[in-house]
Amino acid sequence: MELDTIKLCCAKCGFTIEQYSATELAEVPRKAKRYKYLLQKSSICPACLASGRLKEVRVTRESATAPPGGPVQPSAAAPVAHERHPEAPTPMLDALERGRWPSHVTELRQTRYPLQMYEQSLQRRTTQWDYGGYVSLPGVAAGVLVRASARPEITKGSNFLRIMDPCGNFFKTDKLRRLCEIAEKYAYGMLHLLSTGGDLEMLGIPTENLRPAVAEIMAIGFDVGSTGDDYRTSEECIGPAQCDLALYDTLGFREAWYKRFLDDVQYPRFPHKVKCKFAGCPNDCVRGGQKSDFFVCGVFRDLPAIDQSRVKTWVDQGGDITTVCTRCPGGCLSFNNGDGLRIDGDSCLRCMYCVNKVPGVRPGGDRGVAILVGGKMRGKFGPMLGKVVVPFLKAQPPDYKEVFDLLERMTEVYDEHARKKERVGDFLLRIGLSEFLRLAGVPVSARVVSQPRINLYYHWEPEEIKDERTAVQEVGPPQAGV
Amino acid sequence: MPGIGIPPLQANLPPIVRRNYGRWISHEHPRPGVIKHDSETGESCYTVRAGMPPNARVSAPTVRKLCDLADEFTEGYFRITQRNSCEFVGVPENRIDELMGRLADLGFPVGGTNRSLHNTVCCTGYLHCHLAATDPAAIMKALSEMLLKEYQNDGLPAKLKISGSGCINNCGESSTADIGIIGVHRDLPPIKVDKLKGCELPLVISVCPVGAIRPKGPGMIEIDAKRCIHCPACSVACGALAPIGSPMGDGVAVVVGGKAANTGAGPAMAKVVVPYLPNNPPYWPEVTATVRKIVDAWCAHARKDERIGDWISRIGWEKFFERTGLPVSMKIVDDYDARAMEYARSNVRFRW
């Protein structure tokens, strides 16, 4: 009889809320911490809504039955008919359908979206929707959004499902057609391709349809999640799939990230949402430095590699090398026909400008990732750019352990110390970058600051104070320079 | 219950991408809307990019039409980009014109590559959101219409990205874009006394970024009108304080100069240049006129490869307001927190 699985169940109805294998509980500190936390706190059971302490159930190998959970089987329940919307004139929407750019209203008209909600919003110049938020279904802790209606005579409200998008946002048409079928069967018949956070959203699902819709979505290989105070869907740039500049495998990195952190995408537990984005190079096509709390950006340390003959060919064919040399932000490029393109190493910023513009210039070697923390669009202190915490780290496939361990450590620091509804950027601003580095155990380097501080208002701990004088006899009087 | 996560990486990659994964060596823009990637295997991959309806909400019939095109031209795969454009990856070179014609028949404009207007991005706004102060989808439709020529051609100094958000929560990520449209409220949140019981009052008080919400006796709160910055933080935390906004109060702010790339002047958030414009559905003429002014001034005065933010960092904000003819408002002076004084000026290196 060997201990195999530890489950945390609702004390009243026995619904399994979390389960861990004995080995992962012993070896993964993150799981152990979460287990301890859940055991001590009062929880609300998603199945029977009873609140109280959870019951621990230990399953030994002999008595272990088929693990509960797993993909939910598609439900045979018939879809619930949508409410019908009376025909009413829509002058505003008609106006928005004119013109040559594809109109969102034309799309809405082909679905069961309650058009009068939009029409009335435009006519009255104020939104007709009411308070909304995130809810959980039994077994679906994240991924469902609710929006109430301020005009119940038009529609009673709307739910959406947030579906995590595949790597690279490539879709196979057969899967997408299946998603369309599900959207037509259970929802408005409309897909959001994609939301600004990178998720695929299915809109307008009546509450009673949520469960079967989730089951069918999971049956075709997609999963829901990424709402509430958890890791949101990570976004990555197109990376090696299509781009010649990618400095690490962003798609593989994201896949590995999901393998490791899927729990945290689907179970909200942090003080506020946490967004992770991965860009393959400093061009930052995912806008991760601005949008994401934890931004992993590909960087290189050697100077850009120049293929002089290709550069010359390009210049001979009319390539505008003068503009490139003048617009180089480091001012380090020079070109003449004899020497070709030269880079002044000390002032090169590795910004990718010449790499983007001149064929034959490629990113240099010694590649890795930098980690920026605290980018956001909102929150207490408004939009903030991410701040460099780690200037260089090797990204080692297949499991990227070093990077993910650090990511996890920084998230734990945030989880432990931040206030409720405080984004990472606001937290960083409140406690200070040096304190954050100390808590996360990250060594400081000159690359984490754009300039050293001006004021001297820092604190010394008693143990930092020691005799640092050098013996006068050894040094002698100061010498004049030669 | 354990989830299944995302679909396996390889399953959704088109064959041409699988063959050349990580082996691309260069790319070029042979014509507007088409990108050519060359691989070290000698293979070339042509990608055709098309614009999507604002907010990228597409009906199932339209998705099926796009799927039909993907089945016919790119072996059954297509891609949605970061800016919600629709990309057909791996189109045979001799069929590009045919695909572009078919997309035109469906009403999807091809473009948005290199030095052009890229597809607009926006949040849901009035379509589905209770916080929206404006309808960015309609504004983006109007702007895309106005800048259609810029979308389909490569003639701008650098790429131009326009995003719209319905409120200062910034879900449309306007602050990252060259030109951002952000809805602003000017009213106080309502206090619906009957609904207040269901709220977590300490949270409501603590989420207010300026401390404008105070307890007032047991189970009751009050709002300091002088302090309120009209952000929807409390409306998100508590249904009793939602919805914020009114037809006369709500409107639109315009921000300028955001960018993510480390080239030029480096990554930057966009800065507020117009603090308020009225909501005027369905076409928002005041907003489109402001954007037109900014784009025209940028096209006339920027150097090659200068995005709007880079152009402004070279010429300075005083010249920006002069070139665009936009009025300078007291509201553009930051007084929000202790960092704000960094944006005030300490030198007299003016541009006159």
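Within every chain, numbering begins at 1; the chains are lettered A, B, ... in the order of the sequence lines, protein sequences first and strands thereafter.
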Under a 4.5 Å cutoff for heavy-atom pairs, which residue among [options] has the most contacts with chain B?
options	result
A/Gly189, A/Ala148, A/Cys167	A/Gly189
A/Thr111, A/Leu93, A/Thr173	A/Thr173
A/Met352, A/Arg124, A/Lys291	A/Lys291
A/Met164, A/Arg177, A/Glu255, A/Met117	A/Arg177
A/Ile238, A/Ile220, A/Thr323	A/Ile238
A/Asp284, A/Leu385, A/Val286	A/Leu385

By a 4.5 Å heavy-atom criterion (distance strictly below it), what part of [X] contacts chain A: side chain, backbone, both, or neither?
X	value
B/Leu148	side chain
B/Leu203	side chain
B/Ala240	neither
B/Asp310	side chain
B/Ala237	backbone
B/Cys231	neither
B/Lys195	side chain
B/Val58	both
B/Cys238	backbone
B/His37	side chain

Notebook entry, point to check: CZ of A/Arg109: more than 12 outside heavy atoms within 6.0 angstrom?
Noted result: yes
Practice item. Take A/Asp244 and B/Ser26 through the side-chain hydrogen bond (donor to acceptor under 3.5 Å, both in side chains) test and state the conclusion after the steps. Key: CA-CA 5 Å; A/Asp244 46 307; B/Ser26 67; 5.6 Å; no
task = Classify the angle between the aromatic ring planes of A/Trp129 and A/Tyr113 as parallel (below 30°), tilted (30 to 60°) or perpendicular (above 60°).
result = tilted
| message | Tell me whether the rings of A/Phe171 and B/Phe78 are parallel (<30°), tilted (30 to 60°) or perpendicular (>60°). | response | tilted
- salt bridge (charged side-chain N to carboxylate O under 4.0 Å, His left out) assessment of B/Asp334 paired with B/Lys271: CA-CA 10 Å; B/Asp334 194 354; B/Lys271 282 88 181 169; over 6 Å; no
Stepwise side-chain contact (heavy atoms from CB on, under 4.5 Å) check, A/Lys277 with B/Gln82:
CA-CA 12 Å; A/Lys277 300 203 194 297; B/Gln82 290 290 333; over 6 Å; no
May I ask you to name which of [options] has the most heavy-atom pairs under 4.5 Å with chain A?
options	value
B/Lys259, B/Arg23, B/Glu40, B/Lys141	B/Lys141
B/Cys123, B/Gly239, B/Ser246	B/Gly239
B/Asp250, B/Asn280, B/Val236, B/Val207	B/Val236

* Which is it for A/Glu97 and A/Thr106 under the side-chain hydrogen bond (donor to acceptor under 3.5 Å, both in side chains) test, yes or no, and what are the steps along the way? -> CA-CA 6 Å; A/Glu97 274 197 285; A/Thr106 315; 3.1 Å; yes
Worksheet item: Is the distance between the ring centroids of A/Phe160 and A/His192 less than 6.0 Å?
Response: no
**Prompt:** Does A/Arg125 reach the main-chain N or O of B/Met248 with its side chain, forming a donor-acceptor pair under 3.5 Å?
**Reply:** no
So, the part of A/Arg287 with a heavy atom under 4.5 Å from chain B: the answer is both
